[in-house]
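Note sheet for the following structure.
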Amino acid sequence: RTAGPVLVKQRDRVKVSARSGALVVTIVGEAQQAGRAGEVIKIKNVDSNSVIYGRVLSATEVEITE
């Protein structure tokens with residue numbers, strides 16, 4: 001398990017990015033669970049209400065996992 005402090009708390013708003021080659025798409029998401037750096041957590045896209053999973057990069061950033 002990943003050690004370290006919890007960076008993202010449940011219900012935090014985070015910047016969610018997805019990369020495909022040189023293209024980077026960014027949305028705003030709401031964390032559905034808490035997470036530490038490197039952990040994969042559930043995120044809700046605030047625009048579409050769809051649920052996605054992303055890896056915690058910092059207290060404000062999550063990257064989509066494939």
ask   = Sequence neighbours excluded, which residues qualify as salt bridge (Lys or Arg N to Asp or Glu O under 4.0 Å) partners of K15?
value =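 In terms of salt bridge (Lys or Arg N to Asp or Glu O under 4.0 Å), with neighbours along the sequence ignored, K15 is linked to E61.
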Considering only heavy atoms from C-beta outward, does the side chain of [X] approach that of [Y] to under 4.5 Å?
X   : Y   : answer
I52 : I27 : yes
T60 : V14 : no
I64 : V16 : yes

message = Let me confirm one number: the CD-CD1 distance from Q32 to I43, rounded to the nearest 0.5 Å.
response =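 The CD1 atom of I43 is 7.5 Å from CD of Q32, to the nearest 0.5 Å.
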query = To the nearest 0.5 Å, how far apart are NZ in K42 and CD in E30?
reply =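 These two atoms lie 12.5 Å from each other.
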query = Would you call E39 and R55 a salt bridge, taking side-chain N to carboxylate O under 4.0 Å as the test?
reply =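 Salt bridge flag = no for R55 with E39.
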task = Check V8 against A31 and note the closest heavy-atom contact, atom names and distance.
result =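 For V8 versus A31, the nearest heavy atoms are CG1-CB, 3.5 Å.
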query = Side chain of R36, backbone of G4: donor and acceptor closer than 3.5 Å?
reply =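 Between the backbone of G4 and the side chain of R36 there is a qualifying donor-acceptor contact (under 3.5 Å).
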ask   = Which hydrophobic side chains are connected to V25, either touching it within the sub-4.5 Å cutoff or through other members that do?
value =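 Other cluster members: L23.
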